[in-house]
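Data first, discussion second: the structure below is written as structure tokens.
Whatever order the structure lists them in is the order used to number ligands and atoms, beginning at 1.
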Amino acid sequence: MDKFVVRGGNPLLGSIKVSGAKNSALPCMAAAILTEDEVVLENIPQVRDIETERRLLASMGAEVELGYGRAQHRTRIKCGVLSDPVAKYEIVKTMRASSLVLGPLIARTGIARVAMPGGCAIGGRPIDLHIKGLEAMGATITQEHGYLEARTNRLRGAHIVFDKITVTGTEDLLMAATLAEGETVFENCAREPEVTDLAALLTAMGAEIEGAGTSTMHVQGVTKLHGARHRINPDRIEAGTFLLAGAITGGDLNVDGLNPAHLGSLLGKLEQAGVRLDIGTDCVRVRSGGSLQATDISTEEYPGFPTDMQAQFMALATQAQGTTTVTENIFENRFMHVGELNRMGAHIAVNGRTATIRGKSELQSAAVMCSDLRASASLVLAALVADGETILDRVYHLDRGYERFEEKLRSVGAQIRRMGDVFAKK
Ligand code: EPZ
């Protein structure tokens, strides 16, 4: 398994370009199931989850071309005939977001078999709200041998009020509603930019959607959707991760190709912490204004502080003067990075959903273990300021959602390199 070797101490100087958003690309690729025509998606990030989604669609009979040439980062998907509308466990177990094919499959073919996604490091990750919504739309859903089977003659519009705000639940059911008979009203929807990005693609495909990006959406079902070409949003979480890398290392870093409007809550917290920001139309320059001030965060659904930035912000908090409180309201087990940060010399105590970080700590290099995608990023940020050489194991977690992470950081002065498993070489 690949490792990262990071030597701390270098301020990051220069510019980094943000890739396309993994969490937009995944639902948009699933949306291609809704039509027999070709769907072309630009600005696709070259990350492992996208390759997993390609394998998943191809396993169902879709023609999927995925290219990352200099000018590309593009996928062409044609679901002319879905010969095997089954999301198999060996793929689903590696990526929970596979459940995003459930709604499109049953809307397009009237039948779907999807392996129940297991939990993951950060929580149980149930999909009961996806199921409840599809049943409200007339699907009959049974569970057996670890698979969900959904059947219907044709989905019908319904009035769906989400018990909890769910991003992929909103996306899954939104896709299903585009081909349902009649109107579907969604209330208490997720408002994440990734939902809005998906709605833009679906509209380009001929769907009739009002209210994307707000808590209430109205969808008029149509009988057929056609192909479209769509450019995926920049990845706001990758952008936020690099902004924190510039801040934690006391650098002067431009993060280019982002949408500042998608980062409002993070930018506000960074300014509160004393970080200097110059915010442009599609870039942000970050400079550390000297000492960092402790700044509390509490994760919320968009537009609140994103849970996907919590681990990374905690690494920054170890370098702030004073005590920071981090409250994780979205997932029940998203503090896996705390133990590893403390092994590097941080002083973090966890009590239920709240972590208390006493700063400023002098972090030391150590051998650490990555546990999930964003915890991995948090450990890299800590290693960038730790004294000495930190070895991070199991960086395959990070490869799921960050494109060329170590190359981008190295291009602005970070001392980071990837090391294949030393035993694999022999
Ligand atoms: C999406 O996951 C993202 N993944 C996650 O990003 C992100 O952390 C999360 O939204 C929250 O923003 C993708 O978009 C592929 P949820 P999702 O459904 O949709 C509970 C990353 O790092 N819930 O919004 O699975 C759930 O347990 C990943 O890129 C139910 O109870 O998250 C959680 O507590 C990690 N029943 C809360 O809702 C359901 O049916 C929010 O989960 C669905 C969700």
Would you tabulate the side-chain donor-acceptor contacts of residues 130-141 under 3.5 Å, counting partners in other chains and residues two or more places apart, or write 'none'?
unit_1 : atom_1 : unit_2 : atom_2 : d
His130 : ND1    : Asp172 : OD2    : 2.9
His130 : NE2    : Gly169 : N      : 3.4
Lys132 : NZ     : Asp163 : OD1    : 3.2
Lys132 : NZ     : Asp163 : OD2    : 2.6

For residues 306-313, which side-chain N or O atoms pair as donor and acceptor with protein atoms under 3.5 Å away, sequence neighbours left out?
unit_1 : atom_1 : unit_2 : atom_2 : d
Thr307 : OG1    : Glu328 : OE1    : 2.9
Thr307 : OG1    : Glu328 : OE2    : 3.1
Thr307 : OG1    : Arg334 : NH1    : 2.8
Asp308 : OD1    : Arg334 : NH1    : 2.7
Asp308 : OD1    : Arg334 : NH2    : 3.0
Gln310 : OE1    : His337 : NE2    : 2.9
Gln310 : NE2    : Glu328 : OE1    : 3.0
Gln310 : NE2    : Arg334 : O      : 2.9
Gln312 : NE2    : Thr241 : OG1    : 3.2
Gln312 : NE2    : Asp308 : O      : 2.9
Gln312 : NE2    : Tyr402 : OH     : 3.3

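More than 12 heavy atoms of other residues, nucleotides or ligands shown are found within 6.0 angstrom of CZ on Arg55.
Judged purely by atom type and a 3.5 angstrom limit, Asp235 uses its side chain to pair as donor or acceptor with the backbone of Glu238. At distances below 3.5 Å, at least one donor-acceptor pair connects side-chain atoms of Thr214 with backbone N or O atoms of Thr216.
Ligand 1 places these atoms under 4.0 Å from at least one heavy atom of Leu129: 36 (N), 39 (C), 40 (O). Listed by atom number, the atoms of ligand 1 under 4.0 Å from Arg96 heavy atoms are 25 (O). Atom numbering of ligand 1 starts at 1 in the shown order; those under 4.0 Å from a heavy atom of Ala97 are 15 (C). Proximity to Thr307 (heavy-atom distance under 4.0 Å) selects the following atoms of ligand 1: 8 (O), 11 (C), 12 (O). Shown in contact with Thr168 at under 4.0 Å from a heavy atom are these atoms of ligand 1, numbered in order with element: 13 (C), 14 (O), 17 (P), 19 (O), 25 (O). Those atoms of ligand 1 with a heavy atom of His130 less than 4.0 angstrom away are 40 (O). Less than 4.0 angstrom separates some heavy atom of Ile127 from each of these atoms of ligand 1: 39 (C), 40 (O). Atoms of ligand 1 lying under 4.0 Å from any heavy atom of Arg334, numbered from 1 in the order shown and given with element: 8 (O), 22 (O), 35 (C).
The closest protein non-hydrogen atom to atom 22 (O) of ligand 1 is Arg374 NE, 2.9 Å. Of all protein heavy atoms, the one closest to atom 25 (O) of ligand 1 is Arg125 NH2, 3.1 Å. Protein heavy atom in closest approach to atom 18 (O) of ligand 1: Thr166 OG1, 2.7 Å. Of all protein heavy atoms, the one lying nearest to atom 39 (C) of ligand 1 is Pro126 O, 3.1 Å.
Between Glu65 and Arg76, at least one side-chain N (NZ, or NE/NH1/NH2) sits under 4.0 Å from a carboxylate O, which counts as a salt bridge. Taking the charged nitrogens against the carboxylate oxygens, Asp49 and Arg54 have no contact shorter than 4.0 Å, which rules out a salt bridge.
In terms of polar-atom proximity, Asn23 is counted as a contact of ligand 1, with an N or O under 3.5 Å from an N or O of the ligand. Where the criterion is an N or O separation shorter than 3.5 Å, residue side chain and backbone included, Val167 meets it with respect to ligand 1. Of the polar atoms of Ile330, at least one N or O is found under 3.5 Å from an N or O of ligand 1, judged by distance alone.
For the pair Arg113 and Tyr147, the cation-pi criterion (under 6.0 Å, within 45° of the ring axis) is fulfilled.
Side-chain N/O atoms of His73 and Glu42 include no donor and acceptor closer than 3.5 Å. A donor atom on one side chain and an acceptor atom on the other are found under 3.5 Å apart for His159 and Glu187.
Residue Leu373 touches ligand 1 through its side chain alone, judged by heavy-atom distances below 4.0 Å. When heavy-atom distances to ligand 1 are checked against a 4.0 Å cut-off, Ile237 has no atom that comes that close, whether in backbone or side chain. With a 4.0 Å cut-off on non-hydrogen atoms, Lys22 touches ligand 1 through its side chain and not its backbone.
Of the candidates Leu244, Val6, Thr390, Leu384 forms a side chain to side chain contact (heavy atoms under 4.5 Å, CB included) with just one, namely Val6.
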